[in-house]
Amino acid sequence: MTRLFTFFFCLLLPVAALAEPARFEARTLALPPALWEAGGTAVSGQLYGRVAMRKVKYARVLAERALDLPAQAAAWSGTGTAGEGGGVRRLEIAAPGASLAGFNEARLDYLTADPARPGCLGLAVALAGPGRTEIFVSDPLETVDQLTPGFADAPARDAVDVARADWTAKGLRYQISRLLDREPDQLWRYSQDGLSTFVQRRFRKDLTRVGAIDVVLARGQDVQVNLVVSLDAAGKGKTVLDWYAIPKRIFDLGDGRTILRLYVGRHLREIAPGAKAVSLKEMALMFFKQNQDDVVRSRNVERILFVPSGLDSAAVASGLPRNLPARAREVFSGRGELAANLEELRQAPFKDMALSSVAVLQSPQDLGQPFAQTLEGARLADVAPRRDVPALLAATAERCSSFGAPCDIEDANGLVGQDPLWSVDFGALSQPGGEPAGQPGEQPPVAPAFAGQMLSSPGRLAFSSAPDGLGVECSGGGLTLETGASFTPEPGRAYSLWLELGRARQGLSGVTAQAYGSGRTVSVAVKPGMPAVFPELPPKVEGVRLDFSATGPELSLTLRRAVLQSWDKAAPRRNLFSARYLFDESRDLMAARTGPASLTLSASGPAFDPQWLVLDLATPPWNAADEPPCVDVAFGGRHAKIPLRSPSSRVAVYLPGAPGLDARANTPGWPAISLALTGGASGAGLECPRAVLAGQRLATWPQVLETQGLLDLAGDERTLSGLDQAQAESMANSARWLPMGKADVPSGTGPVRFARNPWLEVEALLLADASGPALKSLGRPAQAAGQGGAKTGKLLGILVGTAALCLAWLAARRGVSAKAFEALGDWLDASAGPSGAPLRVKPWLIAALAVLAAGILPGAGGVRLVTMLGTLLAVPIWRALRVRIASRFPGLAGAASLHYCSGFLACAALAAAVRAAGAAPVSETFGMCGLWLFCAALATHFKRRPNAHDSAGSTQ
């Protein structure tokens with residue numbers, strides 16, 4: 001019989017991320033030990049995965065209109081000052097009288113040269129109406145994506161010390177000073193309130209030009225910040241800011257500390273637009289569930305920073321402006337996009353107001369520190385509502401926009417495939433791991449062999465492995481990238497060029513694409529990250545080149561990718577899984593030594609068009625008398641020699657430009673790659689610690705997805721090998737069970753590890769036809785001794801409850817219930833025993849304590865039942881105390897119902913006090929006692945009443 005073992009996604013347990021390679025997620029799935037309880041050494045079966053496509057928020061752009069930038073929008077490299085305008089530069093990008101009709105977003109494209117020195121960028125929109133002007137601004141701090149220890153520790157920053165300040169216990173003097181609004185001092189007061197500790201201080205701090213409050217935390221400390229402000233120009237009145245409504249973000253400083261940033265400027269503009277002045281009155285740091293002594297001893301909050309808002313004087317001249325929602329995202333390294341939502345401006349009461357101005361507010365986050373931020377473009381956009389779409393669909397839409405093709409992701413067959421004429425990916429030449437080796441700012445040199453015809457410069461030319469591509473430094477008049485593409489333009493086809501640059505762009509003034517041939521040259525300006533479409537082309541294109549012009553004698557930039565492509569305007573549209581696109585590919589090569597100075601490299605996996613063979617080579621140093629060392633590279637049966645410039649060097653062989661190397665040999669699988677050292681020191685060997693083959697592949701999404709690892713089970717990487725178009729389309733609609741190959745799981749196999757896949761996620765695993773135990777044995781662990789009676793106890797309780805209901809029904813039919821309630825009421829009202837002896841408290845109290853103590857013996861399952869029975873004895877105990885209470889407080893014990901109600905109130909107050917002290921279980925016991933006393937108070941109304949047939953009653 002087939003047995004199925006299902007391990008669901010909800011069982012994924014987090015583990016330490018540092019213990020796993022970067023290519024795996026932190027979550028894992030532990031396999032249940034019951035799999036091997038039958039004594040087998042391994043469990044085998046067919047592995048299936050319920051795989052779904054990852055979703056992202058995506059908004060489709062329906063229409064756009066470019067806005068003209070002023071001449072001074074070029075890179076602003078310098079320092080801000082705290083003088084007039086607060087170091088803020090205002091750039092007008094729309095003239096008065098312009099219209100926002102038909103657009104719901106304003107977008108800014110900007111470049112950041114150094115992420116450690118970010119710039120603040122905001123959008124200010126002014127509307128004019130009859131007798132009033134409304135100003136909307138987006139938060140300029142939105143474009144800040146990184147903070148550094150230097151930012152947190154800068155001595156000139158507007159800050160207040162916490163850890164190094166004087167602390168004292170909070171007393172009556174502080175509360176009186178707060179009540180009378182006296183001048184605050186610089187002491188931080190601490191106090192314990194329940195389970196939490198508070199450290200607070202009073203302020204008189206103007207927040208009108210403050211954009212954020214940063215809390216510098218040590219050792220990952222968690223803290224809640226409660227702020228009290230005054231929205232009155234004279235500083236009167238108090239408003240408590242809602243902690244949960246304040247936008248916030250945590251920045252990791254990389255040295256063990258974090259910064260909790262509270263965007264108070266944005267929040268104040270939302271709740272109090274038009275306020276002339278805002279001042280901070282009090283700040284309280286709340287340490288949840290932390291002891292006061294521990295907080296005072298550790299002092300994990302170092303300081304409080306007040307960060308400027310990035311708004312100029314004109315923006316706050318009439319009070320706080322209104323907030324304009326905005327979001328910033330990094331399109332690729334160094335290039336960002338700020339999108340401001342204009343939807344509120346199209347609603348009442350602003351929709352009838354005229355547009356007065358649209359301006360960009362730009363400033364450094366570090367006043368007085370140099371920074372470089374370039375405003376590349378501005379545009380208005382009509383954007384469809386954001387919705388969840390598969391991540392690969394959003395990526396495809398971006399890919400279509402890279403060559404200027406109009407794609408409709410709402411239409412199942414609304415996409416255009418990619419048809420590249422030439423492309424090169426420089427990402428393979430970047431520093432592994434994305435971080436430069438050596439000292440900060442140092443990038444290891446790289447020698448691009450046989451790339452001289454592609455990259456050239458009139459002067460010096462040097463290359464290095466940058467974190468985000470190939471670093472190029474040149475002098476003497478700029479850089480030229482020759483594509484070597486030649487073609488005959490076809491009618492009805494569009495031709496464009498796409499260029500991606502990294503973060504470094506020092507000295508770059510512009511990029512121009514030139515298509516030449518037939519005695520003509522057609523030029524078009526290229527903006528990195530935007531498709532440059534050729535309006536026309538020569539009848540015969542003999543070549544296409546990129547010219548990088550420099551502002552001075554030196555030029556330094558990072559190349560990432562360049563693609564020359566075309567698309568047929570009349571071609572039928574394709575669906576997501578049939579259209580082909582260009583994908584970057586790379587293979588880590590396995591090295592095998594064939595001699596002291598020779599190696600063989602082997603590759604595996606699907607074939608692609610290789611462009612770069614990246615080799616890290618090492619050989620002993622040589623002297624001038626030795627023959628200069630060279631490495632003979634054989635690829636596909638052909639040979640080429642590469643000179644070595646230093647004992648340790650990185651060589652990047654540009655395969656399309658290497659004479660004699662056939663990168664696409666007509667042989668099955670990958671051709672053999674061999675390396676052999678000639679020359680160098682006598683007896684020298686050759687080492688190759690890293691070898692990578694990189695290139696690009698024109699493929700469909702199913703062809704790409706089937707090769708990507710999803711998980712690691714017992715050391716074996718699992719993929720969706722054989723994924724076809726029909727399966728991919730089905731998976732796009734909802735999660736589907738897909739085969740992942742045969743699985744043999746040895747006993748004691750570690751947890752399943754899940755790969756960092758940007759497109760797919762595994763929700764559940766299924767092992768079918770398994771050789772392990774039956775499925776029902778995996779449902780729940782066997783019950784331990786002493787717990788087997790839980791089920792029996794439930795059945796017994798059901799039987800007892802049923803019997804009690806039957807007895808109550810019979811008693812009601814015979815009138816017994818009324819007599820029983822009357823007897824209960826008489827017993828509760830009695831202040832003495834049947835013989836007139838006074839009631840004793842001690843026996844009932846001993847019995848209650850004994851029952852509560854016995855409740856510990858049955859374990860956790862029986863505690864509640866025994867506790868309920870023990871607290872029931874609170875009623876006879878309080879009954880016996882009635883005479884003593886009446887002797888001191890006659891008004892409380894005169895009537896039985898009032899006597900038991902007073903007991904209920906006493907137990908409730910005692911339960912609240914005990915709970916505040918942190919003893920919740922004891923508090924529940926007192927609460928249950930109070931509940932029984934309240935029920936007793938109700939039952940006293942059922943006592944027997946005298947009537948006309950009662951002679952004693954008649955006499956009374």
Side-chain angles (χ1 to χ4, degrees), residues 61-71 73-74 93 103 107 109 111 331 335 337 374-382 397-408 414-424 454 478-501 505 508-550 559-573 579 581-582:
V61 178
L62 305 177
E64 284 187 324
R65 187 180 77 195
L67 298 175
D68 294 332
L69 294 177
I93 59 175
F103 301 99
R107 296 188 171 189
D109 300 314
L111 301 175
V331 180
R335 184 175 185 273
E337 179 188 75
T374 306
L375 187 61
E376 267 202 330
R379 61 193 188 279
L380 298 175
D382 182 20
E398 296 293 331
R399 180 63 59 87
C400 289
S401 65
S402 71
F403 52 91
C407 294
D408 184 5
L415 302 178
V416 177
Q418 193 170 8
D419 187 9
L421 300 174
W422 171 89
S423 66
V424 62
M454 180 173 62
L479 175 71
T480 299
L481 191 157
E482 188 70 54
T483 67
S486 61
F487 57 93
T488 301
E490 300 178 13
R493 296 188 70 90
Y495 296 86
S496 63
L497 192 140
W498 171 270
L499 175 67
E500 286 185 26
L501 297 181
R505 305 182 187 190
L508 179 65
S509 64
V511 185
T512 304
Q514 298 178 348
Y516 56 89
S518 304
R520 291 183 55 199
T521 299
V522 177
S523 300
V524 60
V526 177
K527 181 182 294 185
M530 296 286 184
V533 181
F534 288 96
E536 59 177 346
L537 288 172
K540 171 66 176 179
V541 176
E542 300 173 2
V544 178
R545 70 169 66 98
L546 284 170
D547 281 340
F548 299 83
S549 55
L559 298 174
R560 288 176 55 87
R561 181 180 290 104
V563 185
L564 178 64
Q565 47 205 349
S566 70
W567 59 279
D568 189 351
K569 300 177 182 179
R573 297 297 191 261
Y581 298 98
L582 203 59

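Counting heavy atoms of neighbouring residues, nucleotides and ligands inside a 6.0 Å radius, atom CG of D568 exceeds 12 of them.
Note that CE of M530 and OG of S401 are 9.0 Å apart. Values are rounded to the nearest 0.5 Å. Taking OG1 of T483 as the start and CD of Q514 as the end, the distance is 11.5 Å to the nearest 0.5 Å. Atom CZ in R573 sits 7.0 Å away from atom SG in C407 (nearest 0.5 Å). A distance of 12.0 Å separates CG of L499 from OG of S402, quoted to the nearest 0.5 Å. Here the straight-line distance linking atom OH of Y581 with atom CZ of F403 works out to 6.0 Å at 0.5 Å rounding. Going from atom CG of L479 over to atom CG of L559 covers 6.5 Å, rounded to the nearest 0.5 Å.
Under the 4.5 Å side-chain criterion, counting only non-hydrogen atoms from C-beta, S566 is not in contact with E490. Contact check for L501 versus L508: side-chain heavy atoms found under the 4.5 Å cut-off. Within the 4.5 Å cutoff, the side chain of V563 has heavy atoms near those of the Q418 side chain. Looking at heavy atoms from C-beta onward, S486 lies out of side-chain contact with W422 at the 4.5 angstrom threshold. Using a 4.5 Å heavy-atom cutoff, the side chains of L537 and Y495 are in contact. Put simply, the side chain of R379 does not reach to within 4.5 Å of the side chain of L67, judged on heavy atoms.
Between D419 and R493, at least one side-chain N (NZ, or NE/NH1/NH2) sits under 4.0 Å from a carboxylate O, which counts as a salt bridge.
Checked by atom type and distance alone, the side chain of T512 never pairs as donor or acceptor with a backbone atom of D547 at under 3.5 Å.
Among the candidates L546, L497, V541, the single residue satisfying the side-chain contact (heavy atoms from CB on, under 4.5 Å) test with L564 is L497.
The minimum heavy-atom distance between A579 and G417, with the atom names listed, is CB-CA, 4.0 Å. The shortest heavy-atom contact between T488 and P539 is CG2-O, 3.7 Å. Across all their heavy atoms, P528 and R335 have their closest contact at O-NE, 3.4 Å. Between Y516 and V544, the shortest heavy-atom distance links the atoms CE2-N, 4.0 Å. Here the shortest heavy-atom pairing between R520 and P538 reads O-CG, 4.0 Å.
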Original post:
How far apart are the C-alpha atoms of M454 and L481, what are their side-chain angles, what is the distance that settles it, and do they pass the side-chain contact (heavy atoms from CB on, under 4.5 Å) test?
Top reply: CA-CA 5 Å; M454 180 173 62; L481 191 157; 4.3 Å; yes
Original post:
After noting the C-alpha distance and the side-chain angles of D109 and K527, does the key distance pass the side-chain contact (heavy atoms from CB on, under 4.5 Å) rule?
Top reply: CA-CA 11 Å; D109 300 314; K527 181 182 294 185; 5.7 Å; no
